[in-house]
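Please read these numbers as outputs of a predicted model, since none were measured by experiment. Below, chain A is the first sequence line, B the second, and so on; all start at residue 1.
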Protein chains: 2
Amino acid sequence: MGIPERKEREKEHRREEILNAAQGVFFEKGLQTATMDEIAEAAELSKGTLYLYYKSKEDLYLGVMIRGMDILHNMFVEATSTDEPTIVKIKHLGDTYYRYFKEHRSFFRMFNFFLNPLLHTQVSEEMMGLCDSGNQKIWKLVIDLIQRGIDEGDIRSTVDPAECAIILWSNSNGIMMRMDTQEEYFKKMLGVDLERVMQKSMAMLFETMLTDSARQKVVSVS
Amino acid sequence: MGIPERKEREKEHRREEILNAAQGVFFEKGLQTATMDEIAEAAELSKGTLYLYYKSKEDLYLGVMIRGMDILHNMFVEATSTDEPTIVKIKHLGDTYYRYFKEHRSFFRMFNFFLNPLLHTQVSEEMMGLCDSGNQKIWKLVIDLIQRGIDEGDIRSTVDPAECAIILWSNSNGIMMRMDTQEEYFKKMLGVDLERVMQKSMAMLFETMLTDSARQKVVSVS
DNA sequence: CTATTTAATGACTTACGGTCAGCTATTACG
DNA sequence: CGTAATAGCTGACCGTAAGTCATTAAATAG
């Protein structure tokens, strides 16, 4: 009796179709401007049906965002699945996040909403839980890698891996957010190339975290 | 004939009263949740009147935010109006921004909205112009001070003052944003004290920008 | 073939940002 | 003064969009 199983598959399929439609509309219009009617039309369903699958517009938005998290996680896994030294992999993580920013800008923007609970008015506990675990998976990957860098003697043992991850992330993320919304402004007003700034600051932070012995390896690679 | 002048004053006064009411409501509820009806009631005016003074809810929100910018600017001016060495003043700027974050949290949160044009749906050109010039005044203050630090030989001449300002700001701001919304989360999940992280990372960045001769001065002060 | 459960619909409710015709108070002027 | 002109204010009203729910249609069970 495979009927319940088939129904479950169909339900899952419909959820995906709704996400596809929502993704298109949200990417084009953003959370505020997109309407549930538009998404329903794009999904070739009625608005009421959307609410059978997602509790609110914000939940639907986060549903799409989780896709973006998964993509980033996969890119991180791939970037660290080489046989290079750990310290090089860590550097690659930074480059990968920047590549993600360039190639998946719309997903990158969605993270903002997730990260700022003050913007949430209708997010369900369940959806928030899903997002949190996706988020944790990524942090864990980064922190574990930094820990390995410490264990292998390339990163100073005085560095706390979680703190280090937060610093690197805050810095790069902060600058990428400005690149996203005000790159031109900074260029015109201050004559600053934000991409260069980010690379500089990341290099700076990176440098201070390395042990003396590791410094040569990285220099010779990059 | 002082009637036009008096009327102008009264108009200005009314604008301020509206801002007072809006500030109370926005601080309590945030941009999304606050309603114009609530603000009108708090101001003891009708909703229509609000629109005679501000073009949209978002303009009104930014009107309040500009007050927060002025406060920050004043705090920066005060922090740098001492007779201490420039390099110490620069350090004080960082401390001052953190104090602002702690003491004027609601204003700090408003900056986010200003900085992200993707969130704007009804912001007028005029209001945006006002915000931009307030913003520029602050950047100028910081950048000029860093330039002075370079001129006086405390900051490496290889450092670009605007780039330096952006790096310091991005880093501190990025971490403070996390402190605002997820301090508990980071504490529980990763056992990390974000305040410590910020101080560490700022110290780190700061350190790499100093000339060798300046390093001793700062160490002996802090 | 009928009863029951499940899925989908779209008209409806509610809420809120923004508008505007009209009202009121103030000022200008003969 | 008294009246006309102007400026300031009002709140009922409009349009839009999120979210609901009684009803209908389809699939499954017996």
Are the side chains of T181(A) and R178(A) in contact, using a 4.5 Å heavy-atom criterion? yes
Here the distance between atom P of dC21(D) and atom CG of L52(A), to the nearest Å, is 12 Å
Just to be sure I understand the rule, does Y54(B) reach a base, reach only the sugar-phosphate, or reach nothing, if contact means heavy atoms closer than 4.0 Å? nothing
Report the nucleotide, chosen from dG18(C), dA7(C), dG10(C), that has the shortest atom-to-atom distance to any side-chain atom of K11(A). dA7(C)
Which atoms form the tightest heavy-atom contact between G63(B) and L19(B), and what is the distance? C-CD2, 3.7 Å
Map T33(A) and G48(A) onto DNA chain D by nearest heavy atom, then report which one ends up closer to the 5' terminus. T33(A)
If only side-chain N and O atoms of R14(A) are considered, is one of them under 4.0 Å from the OP1 or OP2 phosphate oxygen of dA7(C)? no
In whole angstroms, the gap separating C1' of dC16(C) from OH of Y61(B) amounts to 18 Å
Please report the distance, rounded to the nearest Å, between CD1 in I18(A) and P in dA8(C). 8 Å
May I ask you to check whether Y185(A) and W139(B) place their ring centers less than 6.0 Å from one another? no
Determine, for F101(B) and R105(B), whether the Lys NZ or Arg CZ falls below 6.0 Å from the six-membered ring centre while staying within 45 degrees of the axis. yes
How is L45(B) classified with respect to the nucleic acid when contacts are heavy atoms under 4.0 Å: base, sugar-phosphate, or nothing? sugar-phosphate
note: Q32(B), atom CD; dA18(D), atom C1'; distance rounded to Å ~ 14 Å
Hey, does A43(A) reach any base, or is it just sugar-phosphate, or nothing, if we go heavy atoms under 4.0 Å? nothing
Whole angstroms only, please: what is the CD-P distance between Q122(B) and dG17(C)? 11 Å
Donor-acceptor side-chain pairing of S133(B) and Q136(B) below 3.5 angstrom: no
Any base atoms under 4.0 Å from T49(A), or only sugar-phosphate, or nothing? Heavy atoms, all strands. base
Just how far, in rounded Å, is C1' of dC14(D) from OH of Y51(B)? 13 Å
Distance check needed: dG18(C) P versus E58(B) CD, whole Å only. 7 Å
Please state how far atom NZ in K57(A) lies from atom P in dA15(C), giving the value in whole angstrom units. 18 Å
Is K47(B) side chain donor-acceptor paired with the dG17(C) base, going by distance under 3.5 Å alone? yes
So A34(B), base contact, sugar-phosphate only, or nothing? Heavy-atom distance under 4.0 Å. sugar-phosphate
